[in-house]
*Asks:* 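Mind having a look at this structure? Questions to follow.
Proteins get letters first, then strands, A, B, ... in listed order; numbering begins at 1 in each.
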Amino acid sequence: GKTLDSIKSRGQVICGVNTGLAGFGAADSAGKWTGLDVDVCRAVAAAVLGDAEKVKYVPLNAQQRFTALQSGEVDVLSRNTTFTLTRDASLGLNLTAVTYYDGQGFMVPVKSKIKSATQLKGQTVCVQSGTTTEKNLTDYSKAKGLGIKPVVFEQLEAAENAYFTGRCIAYTTDASGLASTRNKVAKVPADHIILPELISKEPLGPMVRRGDDEWYAIVKWVIYGLLEAEEYGVTQANVDSLKTSSTDPVVKRILGTSEDTGKLLGLDKEWMARAIKATGNYGEIFERNVGPKSALGLPRGVNNQWNKGGLMYAYPVR
Amino acid sequence: MTSTTFQPIAPRPAPVNSEGPLAWIKSNLLADWKTSLGTFVIGGLLLWLLPQAIHWALISASWSPHYEVCHAEGVGACWGVISEKYRIILFGRYPYEEQWRPLIATILLTGLLVVSCMRSFWKAWLPLLWLAVLAVFFALMYGKVFGLTQVDTDRWGGLPLTILLSSLSLVLCFPIALLVALGRRSKLPAIRSFCTIYVELIRGVPLISVLFMASFMFPLFMPQGTQIDVLVRVLVGITLFAAAYMAEVIRGGLQAIPKGQVEAAATLGLSYWQTQRMIVLPQALAMVVPGIMNNFISTFKDTSLVTIVSLYELTGALKLGVNSDANWRPYIIEGYFFIALIYFVFCFSMSRYSRWVEKQVNKSKLR
Amino acid sequence: MAETNTTSPIITFDKVNKWYGNNFHVLRDIDLSVAKGERIVICGPSGSGKSTLIRCINRLEEHQQGHLIVDGVELTDDIKAIDQVRKEVGMVFQQFNLFPHLTVLENLTLSPMWVGKIPKKEAEEKAMVQLKRVRIAEQAHKYPLQLSGGQQQRVAIARALCLKPKIMLFDEPTSALDPEMIKEVLDVMIAMASEGITMLCVTHEMGFAKAVADRVIFMDQGQIVEQNNPHDFFNNPQSERSKDFLSKILGH
Amino acid sequence: MAETNTTSPIITFDKVNKWYGNNFHVLRDIDLSVAKGERIVICGPSGSGKSTLIRCINRLEEHQQGHLIVDGVELTDDIKAIDQVRKEVGMVFQQFNLFPHLTVLENLTLSPMWVGKIPKKEAEEKAMVQLKRVRIAEQAHKYPLQLSGGQQQRVAIARALCLKPKIMLFDEPTSALDPEMIKEVLDVMIAMASEGITMLCVTHEMGFAKAVADRVIFMDQGQIVEQNNPHDFFNNPQSERSKDFLSKILGH
Amino acid sequence: MSSDTPPSHHHWSWRSQAFRGIVYQVLAVVAIVAVVWFLAHNTLVNMRVRGIQSGFDFLSQAAGFDIGESLYPFDSEQPYWQAFLVGVTNTLRVAIVGIILSTVLGTLLGIGRFSRNALVRGVCLSYVEAFRNIPVLLQLLMWYVILTEVLPSADVAWQVGDFFLSKGGLNYPIPVWAAGQLWAAFGLLAGVALVLLYRRWAKRQFEATGQLRSAFWVPVLILVACSLAGWALGGAPTELNRPVKGDFAIENGGALTPEFLAVLIGLTLYTASFIAEVVRGGIASVPRGQGEAASALGLSQQQEMRLVMLPQALRVIIPPLTNQYLNLTKNSSLAVAIGYPDVVSIANTALNQTGRAVECISLVMLVYLITSLGTSLLMGWYNSRAAIKER
Ligand SMILES: Nc1ncnc2c1ncn2[C@@H]1O[C@H](COP(=O)(O)OP(=O)(O)OP(=O)(O)O)[C@@H](O)[C@H]1O
Ligand SMILES: Nc1ncnc2c1ncn2[C@@H]1O[C@H](COP(=O)(O)OP(=O)(O)OP(=O)(O)O)[C@@H](O)[C@H]1O
Ligand SMILES: [Mg+2]
Ligand SMILES: [Mg+2]
């Protein structure tokens, strides 16, 4: 399609990412982008252009992100964005595949002695505007009759800051975001706890523009490929050796040594092998960026493979 | 009736009246009971507040770039936040090792601004100098020439961005403003009403809605696939905004030119454009230099709003640097004071300059 | 020097000196006494200090040396004394200085009502009398800027007259006017002159000087160079300086 | 009515009418022809349309009816014709209208250089000739506002002369000047008059009119009420209106 | 003599000014229409190709989000247009209070520049220079940080009587609504009427006798007495809704949030510095001759100020003052940076939830345009009424 052609001629995938959410999309002081969402972009670039570094990152805030994608400023929006019906149906966007199953939670200071979200009756809660979060908070407050007073901020940092200075009793966003904030932004992470309630479903994943089904397919299948690679044990370390040694027909298809699955997508047959080589499989990406051993320390939980009790169930690469 | 011949009396100097500090205090501070009361109330307040402020800001302040020091009891201002973070505040996310480039670029551009303010440099080659310096500025900032590594515009930030946005938008808005101002005084109704609508429309809305439009909506206005750097779009937004205000300032100057000047030019046979270029504009612009400076000052201040659309100019860079660092976050107020000082130094010197120009202009009106 | 010493003087300048700033010596050793009812015309080249001289009389400018006594009150820093003198002295400016936000009538009643504390009705009646005197009673309810220059100046004269002053000061009252309007104003002034009010008038209208002045004073460089009755002054000026000046203003 | 019809006219007004806006009929059926070299003084009360009349001649105002022919060119919408006429006609304004941001010399060379397209050096030489003619060559490098009013007006005259015009228009050239300076300007104008240039001058300086005018035109309410040679006009005005007017401006 | 209206006539040739004018205008119109068409066309194509929905129908859908502060109750089930309305009232609330406060402060500062007291002059000058030369956004952010960082948290709030100041903002007691309050309000109204009557009487007295009556203290006294009387008549209700310390926050009573306070303080202090300059310029613009004439008429310094200088200065002051009011209103849009739910903030939320960027931003612009135009018209009307009558 057009998108793929222009990516090839420009030699770069343009990827919309978060302005700074540790573990998902953030730049370090040297300008190097890391995170789960970022790795997705890298995998796509590796599959399409053969080089995971050929990505231009465009940091977008909540308000900018959809128009940026709609107008063609970015090729793919990989910015912890929740898939919802409205966004699918009315914004002219396509939801590719879920890369992280999340839910919205609350963070409160330990010293407030709040143990449950139901204790937040009549309290102020800091939230970033222009997110599903804001709406979920309202729904939850209404359903439970809590009368929560939102204090809404334009920018993530402002909302976090207001919480840490004590303007609000609680801070709400996706649980992953809470963990990221607590570990990266709080002075003493142990002073804050994340309440057990998750008040919404937040399937996060990359989006692309409508009207270019080939490109849509490529992004979607790169993600499924990464998932299936994990399922079948293909890793960054063993991808090269498996190319020659593997006898598993599924693995062979993923690595393009038997069938040319790439051709159907308009790519070459090595596409998935390169992606895995560049970023590792989904499990590796998760571990590296947000997993228990990373700075964020999130449990794998629902984001585990389907056969290990999680929700990650890739369509077969076949 | 007798009369005398004229005997000029030589002028004498005025008798010395009790000048000196005491007399000054008497007439300026203690003239009558109301004045004295004011002096005591305000003087008392100042005597009470100023030492506290000085104590906080200077005497008990900590300057060391270690946040632990600031936590100690009795420490006032924690300027350490600046010693620690000044590079990110001044240059945003520009690559650390390459920050000499924005430094030089900023000095160049500021120098050019200063030079442009001097009358003796108001020559025909000044615009060329501007072009040259801007070219060097971009070469330095963006790189990719002379073996400099490329630095994308999304990593530009801090002071260079502030200065770039304000000076470039001023330079660019000028020709637009000139045309619009002339258009608003045109005898042709269609042209006049277009210019009026433009000016009134822009002046009726806040800058941030223009910025929102530039950064969120503009891509929708363009043919598919056109990509315009967000920096450029924001620049266009600010420029169009500033041009409307500038046009009004210039129009004020045009209105102040007596009709007789145009008539005199007409009797000498000058054409419309000759009259504008050689008679009307030189006088009108000289007259409104203070207004132009004021406009520049507000544009300079207004660039701080681009932080709302996620560009990291001074304010944004400060928040970027300090908000994400839990140890320093409580001291962001010191950071704000720091950039407030930067803004103040720039704006204050510009407003002084405009006062000076005003005086010069008035002087030349007298013999 | 000829002084009309028939009655005791109403204004006395005694070695008055004035400086603008520290160096500009604008009035130099002025000695002058003006008798009650006397009509004096002051002329002289631009910048010679004519305006400054008459503005000292109602203390719009203060002198720094010498004594200046107006109607028996010496002008010093004393605010009471200044107020008293200002009640006795009316002034008409070159630029009229009418209050543009008030109607003609309000211009005239302002001071009587707020300073003189007389009721509005009475003040308006008196104002109308003065307006009739300057022959523009029908303009009473217009605003100053709706009038012609000559009319404005006549309002200004009426306003000054409403104070019932003993002394009237005129500072080039006709020089901002068109030729036709000059006459209107001069006519009013000539009429006033016949009523016995003390008048000091800075003007270059030699016709006026000849018609009404008791004395013409010629100033140059902050000094009184020559004073004489109009006939002698115009036909037989004594000093070089005045001859030169007269030749210029009468020459064309 | 006496008209100097010795040569063919250089300016012809033929039933010229002009309105300001839609209602204000400012020039009414003006018929006038001016011979080459003639010197005409126009007078009349304020607002009678004198300025408008002479401003029509170089199309600073446009007339709406009738024909106006200047030096053989009829003035219409045609830009070329207007440009041509303006090259032949110099104009001096009451308020001088010098360009304050240019030096005296630059004021004079502006039009020759940009319109006449002659080299700077030549333009400056010619300008100096004119400046000498008005006797202020030594002020060439000053700025207009550094000069006295009389000097400024002389620069304005020199500027107009630099066009080498066949016709000079003066609109009350002395009425913004101090009495001492009026003479300087009138002297220059009288000198010019003797050089045979066609002059139209709005002025109330009757001395000047008597000294140089071939014809005096009296206007009122947009019409030419009376025209005559100066001697007859001043001593024996024909219409009531001019008698009245003359009594006023000569009266004081 | 010919007819008394001018004939209209035209020569249609390229050398005619009028003809050229028309050609230029047609060119300009074509160029501008082309640009507008280009942009509109692109937008439509872009939206169609990507299936972006457009239109203002979303305004009647349920908003689905809560608003932190609002003058009147707002529920998330109410439609978007009502949410917008809340935003507009929040904007106006800040703007109107800010305009009043900054006018008072600015006028004092401006007059202070003419004080005979050098200290007063110095303080006013430093204030103006300091506040004018720092971006207003920066000032808002600073005030917000000061309010949230420096103030104590709710459990250790500063307390004076029933007033609490904490990170939660300013909490104050509000009287519980009772009939007595209504009476007091009636009393106040009656007081206003009485004051008007008094002023007319005082004016007549002055005109009749030349005697001046107090123009400030007596009216104030009347107002206070009347409201007290009304309050007493109504049974002198003293019940108050007092704020109390809750577990995590101050509860009950009235509250001003730190966001509102920061916006208000920031805008007021910033705008006051500009108004001070406007006032100073206005007073300085009255020609010196006016003051001299007033002195020559024997008016005292106060009378000169009140009767001659101020009425004239006001005409110079009003237009730039209007501009400052408009600026303040427009600057209130910066509230979005510190979380105050003004109309821009509401529009941003709406924009994100519905994706109708064009519509939402246009709505915001429209709100401000209407405010601006409305104010301009009002001031234009005032100006034409107050303009000095000329020929
Ligand atoms: N406030 C002032 N400060 C300094 N110098 C002044 C001031 N007012 C007047 N002067 C100067 O004092 C001199 C005398 O001024 P004054 O107005 O008395 O002259 P004048 O004789 O009235 O002249 P004119 O005929 O031009 O009105 C002039 O040189 C003038 O420039
Ligand atoms: N541009 C204009 N629009 C409308 N009316 C005008 C305009 N210019 C002049 N007038 C009016 O036309 C009339 C004649 O004006 P003009 O200037 O020709 O008179 P004048 O005889 O030169 O008077 P003065 O001696 O005052 O200069 C006046 O009543 C004037 O108010
Ligand atoms: Mg004078
Ligand atoms: Mg005229």
*Asks:* Counting neighbours of CZ on B/F40 that are heavy atoms of other residues, nucleotides or ligands and sit closer than 6.0 Å, is the number greater than 12?
*Replies:*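 Result for CZ/B/F40: open.
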
*Asks:* Starting at SG of E/C124, measure out to CD1 of B/I42 and round the result to the nearest 0.5 Å.
*Replies:*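 Here the interatomic distance stands at 7.0 Å.
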
*Asks:* Using 0.5 Å steps for rounding, measure from the CH2 atom of E/W143 to the OH atom of B/Y336.
*Replies:*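 Spacing of CH2 (E/W143) from OH (B/Y336) equals 14.0 Å.
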
*Asks:* Taking side chain as everything from C-beta outward and backbone as N, CA, C, O, which of these in E/V123 sits under 4.5 Å from a heavy atom of chain B? Side chain, backbone, both or neither.
*Replies:*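 Answer is side chain: those atoms of E/V123 sit under 4.5 Å from chain B.
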
*Asks:* Heavy-atom distances under 4.5 Å only: say whether E/F274 touches chain B with side chain, backbone, both or neither.
*Replies:*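 It is the side chain, since no backbone atom gets that close.
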
*Asks:* Against chain E, label B/S209 side chain, backbone, both or neither, depending on which of its atoms sit under 4.5 Å from a heavy atom there.
*Replies:*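 Both backbone and side chain.
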
*Asks:* Within the distance-only criterion (no hydrogens, no angle test), does the side chain of B/K301 pair as donor or acceptor with the backbone N or O of E/L137 below 3.5 angstrom?
*Replies:*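 Pair absent, no side-chain N/O of B/K301 close to backbone of E/L137.
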
*Asks:* Between B/T315, B/V41, B/L305, B/I332, who has the most heavy-atom pairs with chain E when the cutoff is under 4.5 Å?
*Replies:*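 Winner by heavy-atom pair count: B/L305.
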
*Asks:* Does some side-chain heavy atom of E/S362 sit less than 4.5 Å from a side-chain heavy atom of B/M213?
*Replies:*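 Not touching, per the 4.5 Å side-chain cut-off.
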
*Asks:* For E/T43, is it the side chain, the backbone, both, or neither that has a heavy atom closer than 4.5 Å to a heavy atom of chain B?
*Replies:*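 Both backbone and side chain.
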
*Asks:* Side chain, backbone, both or neither: which part of E/I134 has an atom under 4.5 Å from a heavy atom of chain B?
*Replies:*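 Interface part for E/I134: both.
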
*Asks:* I want to check something: taking the side chain as every heavy atom from C-beta on, are B/F212 and E/L351 in contact at a cut-off of under 4.5 Å?
*Replies:*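 No. Closest side-chain heavy atoms not under 4.5 Å.
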
*Asks:* How far apart are the closest heavy atoms of B/I191 and E/A28, and which atoms are they?
*Replies:*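 Result for this residue pair: CG1-CB, 4.0 Å.
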
*Asks:* Evaluate the side-chain contact (heavy atoms from CB on, under 4.5 Å) criterion for residues B/F194 and E/V29: first the C-alpha distance (whole Å), next the side-chain angles of each, then the deciding distance (0.1 Å), finally the verdict.
*Replies:* CA-CA 9 Å; B/F194 276 130; E/V29 171; 3.8 Å; yes

*Asks:* Compare all side-chain heavy atoms of E/N133 with those of B/F346 and state whether any distance is below 4.5 angstrom.
*Replies:*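 No, side chains not in contact.
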
*Asks:* State, with a plain yes or no, whether a side-chain heavy atom of B/C347 is found less than 4.5 Å away from one of E/R132.
*Replies:*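 SC-SC contact between B/C347 and E/R132 ruled out.
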
*Asks:* Supply the atom-to-atom distance B/Y272 OH to E/R20 CZ, rounded to the nearest 0.5 angstrom.
*Replies:*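 Atom-to-atom, B/Y272:OH and E/R20:CZ are 14.0 Å apart.
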
*Asks:* Does any heavy atom of chain B fall under 4.5 Å from the side chain of E/V120, the backbone, both, or neither of them?
*Replies:*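 For E/V120, the contact with chain B is made by backbone and side chain together.
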
*Asks:* Please tabulate, for side-chain N and O atoms in residues 331-341 of chain E, each donor-acceptor pair with protein atoms closer than 3.5 Å (sequence neighbours left out).
*Replies:*
from: E/N331; atom 1: ND2; to: E/N327; atom 2: O; distance (Å): 3.4
from: E/S332; atom 1: OG; to: E/T329; atom 2: O; distance (Å): 2.5
from: E/S333; atom 1: OG; to: E/K330; atom 2: O; distance (Å): 2.5
from: E/Y340; atom 1: OH; to: E/N90; atom 2: O; distance (Å): 3.0

*Asks:* I want to check something: taking the side chain as every heavy atom from C-beta on, are E/L141 and B/K319 in contact at a cut-off of under 4.5 Å?
*Replies:*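 Yes. Closest side-chain heavy atoms under 4.5 Å.
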
*Asks:* What part of B/T307 is in contact with chain E, defined as an atom under 4.5 angstrom from a non-hydrogen atom: side chain, backbone, both or neither?
*Replies:*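 Side chain of B/T307 only, per the 4.5 Å heavy-atom cut-off to chain E.
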
